[in-house]
Amino acid sequence: DSHKHKDKHKEREHSHKEHKRDKERGNWKNCHSEHKSCSEKKHREKEKERLKHKEKQKEEKVDLIVPYHRKIKEENERILQEYGYCVMDNHRERIGNFRIEPPGLFRGRGDHPKMGKLKRRIRPEDIIINCSKDSVHPKAPPGTRWKEVRHDNKVTWLVSWTENIQGSIKYIMLNPSSRIKGEKDWQKYETARRLKKIVERIRAQYREDWRSKEMRIRQRAVALYFIDKLALRAGNEKDEGETADTVGCCSLRVEHIRLHPQLDGQDYVVELDFPGKDSIRYYNKVSVEKRVFKNLQLFLENKQAKDDLFDRLNTSILNKHLQELMDGLTAKVFRTYNASITLQQQLKELTSSDDNIPEKILSYNRANRAVAVLCNHQRAPPKTFEKSMHNLQTKIDEKKKQLSAAKKELKAAKADAKTLRDEKSKKAVETKKKAVQRISEQLMKLEVQATDREENKQIALGTSKLNYLDPRISVAWCKKLGVPIEKIYNKTQREKFAWAIDMTDEDFEF
DNA sequence: GGTACGACTTAGAAGTCATGGA
DNA sequence: TCCATGACTTCTAAGTCGTACC
């Protein structure tokens with residue numbers, strides 16, 4: 001009988017799909033009458049079997065895929081544990097970039113003359129190991145040896161090699177959470193704070209120097225003004241043909257600057273347009289003091305587009321001068337100082353203790369953004385920006401509808417309560433009230449998110465947060481305004497700034 | 001003073017992962 | 001549960017700046 005049934009089934013190929021289809025179309029009866037042996041009971045059994053099969057398939061999938069992922073994860077963890085740490089001064093420290101750079105095509109940023117060159121594979125024979133004499137270091141793979149094993153405790157790197165594109169040295173160093181990097185970071189901000197104490201004096205001096213008899217001093221003073229006011233980088237010379245053509249302050253050329261005695265109702269406007277670090281465009285129109293303007297006109301006299309604007313100046317001269325003004329002062333300290341002081345001022349200006357947490361965070365991001373704009377930290381707008389913005393707007397619209405519906409319900413509940421005057425309807429009013437409150441909070445959050453995202457379209461906040469803003473300012477702000485530090489710094493950032501989180505109280509002033 | 005080099009910080013993009021809503 | 005999305009992590013290029021050497 002069962003054979004017959006099977007054969008019949010085979011013959012007719014009345015599969016589950018068909019059963020299902022028939023059922024959906026209301027043809028169940030039809031089906032039933034056509035296959036007498038295909039009773040409801042049998043069908044249920046089949047259905048059971050089908051589900052079982054599905055479950056089995058799923059299990060197989062899980063058996064294959066989940067362990068695969070787990071295996072990779074475990075393997076990564078093993079590699080991290082074996083190679084990702086070192087011991088320095090008796091402390092186990094995370095290493096930053098412990099994986100060797102694989103071979104491939106060199107891209108470079110901007111219009112790089114070496115774009116597309118082959119980046120060679122690094123071999124054990126290229127590698128220099130730096131460790132203490134008595135330490136255990138990784139052995140070179142069988143049949144190979146390291147280029148050198150040295151014991152230099154004056155430097156912080158663990159491994160180095162020379163790369164084949166520019167012939168420069170690359171290093172493996174410790175993670176930002178390490179003691180050695182943390183102390184250095186702290187020092188950097190302390191130097192910037194020392195600058196704060198004397199910056200007005202330095203400004204007074206460079207203004208004075210704008211009138212110097214000596215060209216080199218005038219150039220130095222105007223360059224320093226740019227570095228201070230516009231947070232430009234120092235601008236070292238670069239070897240032509242080896243790298244993309246980018247400039248900083250001292251290496252600005254005539255072609256990068258235009259002078260407008262008047263523009264858009266402002267006097268003495270300087271228009272700067274040049275490729276900076278990573279070939280990111282710096283474009284700014286800024287009104288300067290008359291004396292600066294006159295000096296710039298002087299520097300431009302009788303020069304061609306390709307000539308240096310500051311022909312009597314380079315970073316070495318500038319930094320020597322700065323060193324005389326303050327121990328440890330260099331051009332980049334101005335960037336750190338101006339970034340951090342801007343954050344502190346903006347936070348003071350934008351936040352109030354009455355704000356709720358999302359509003360406070362929006363203000364923090366805005367303060368952060370002001371710094372990113374100052375430092376010209378840009379990013380390509382995310383590929384999915386338009387779409388995700390649109391999605392967010394849809395969400396906001398929906399939330400608005402929800403809110404007005406909830407308000408209506410509240411009104412109705414209130415009316416009921418007024419007529420009925422019983423406990424139950426009173427309770428209902430409370431519930432509806434809470435719903436309205438909850439939804440309007442959600443709406444506000446979404447709107448804040450939309451504003452934040454729109455304003456952030458082309459601006460990268462990460463770089464300034466990680467490299468320019470004294471973390472103690474943020475920590476103090478969080479403590480003062482009761483914002484959890486996790487809202488500002490993620491796990492990695494908290495590890496990097498552990499020194500600041502530990503030592504800072506709410507009264508810290510940069 | 002000029003230059004090459006070495007060590008270290010700063011930079012945006014790409015890759016990966018976690019989460020939350022459909 | 002699945003997938004889209006954004007957050008986080010990794011990657012490595014590209015700067016700064018001090019020093020050695022001529």
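First the proteins, then the strands, lettered A, B, ... as listed; each starts at 1. In this text the structure is predicted, and so the values were computed from the model without any measurement.
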Parallel, tilted or perpendicular: rings of A:Tyr206 and A:Tyr225 (30°, 60°): perpendicular
Measure all distances between protein nitrogen or oxygen atoms and nitrogen or oxygen atoms of nucleotides 9-12 of chain C, and list the pairs falling under 3.5 Å.
residue: C:dT9; atom: OP1; partner: A:Thr492; partner atom: OG1; Å: 3.0
residue: C:dT9; atom: OP2; partner: A:Thr492; partner atom: OG1; Å: 2.1

5′-ward residue of the pair A:Ala380/A:Ile317 relative to DNA chain B: A:Ile317
Interface with DNA chain C, restricted to residues 227-246 of chain A and to heavy atoms under 4.0 Å: A:Arg233, A:Ala234, A:Gly235, A:Asn236, A:Lys238, A:Thr246
Partner set under side chain to side chain donor-acceptor pair (under 3.5 Å) for A:Gln493, not counting sequence neighbours: none
side-chain N/O A:Thr330 vs C:dC17 OP1/OP2, d < 4.0 Å: yes
side-chain N/O A:Lys188 vs B:dT10 OP1/OP2, d < 4.0 Å: yes
B:dA11 phosphate, OP1 or OP2, under 4.0 Å from A:His377 side-chain N/O: yes
Under-4.0 Å side-chain N/O to phosphate OP1/OP2 contact, A:Lys181 with B:dT9: yes
A:Asp307 with A:Arg253: basic N within carboxylate O range, under 4.0 Å: no
List every contact pair, protein side and nucleotides 5-7 of chain B side both N or O, where the distance is under 3.5 Å.
residue: B:dA7; atom: OP1; partner: A:Trp157; partner atom: NE1; Å: 3.4
residue: B:dA7; atom: OP2; partner: A:Trp157; partner atom: NE1; Å: 3.4
residue: B:dA7; atom: OP2; partner: A:Tyr171; partner atom: OH; Å: 2.7
residue: B:dA7; atom: O5'; partner: A:Tyr171; partner atom: OH; Å: 3.4

Salt bridge flag under 4.0 Å for residues A:Glu125 and A:Arg123: no
A:Asp278 CG to B:dT10 C1', straight-line distance once rounded to whole Å: 9 Å
OP1 or OP2 of B:dT9 under 4.0 Å from side-chain N/O of A:Asn467: no
A:Arg369: side chain to side chain donor-acceptor pair (under 3.5 Å) partners, not counting sequence neighbours: A:Asp452, A:Glu455, A:Asn456
Straight-line distance of A:Lys487 NZ to A:Lys360 NZ, nearest 0.5 Å: 12.0 Å
Integer-rounded Å distance: B:dA11 P and A:Ile459 CD1: 15 Å
Parallel, tilted or perpendicular, as decided by the 30° and 60° cut-offs, for the rings of A:Phe106 and A:His112: perpendicular
Touch class at under 4.0 angstrom, heavy-atom based, for A:Ile165 against every strand present: nothing
Side-chain N,O (A:Gln166) to OP1/OP2 (C:dA14) below 4.0 Å: yes
Within the sub-3.5 Å range, which N or O atoms of nucleotides 15-22 of chain B have a protein N or O partner, and how far apart are they?
none

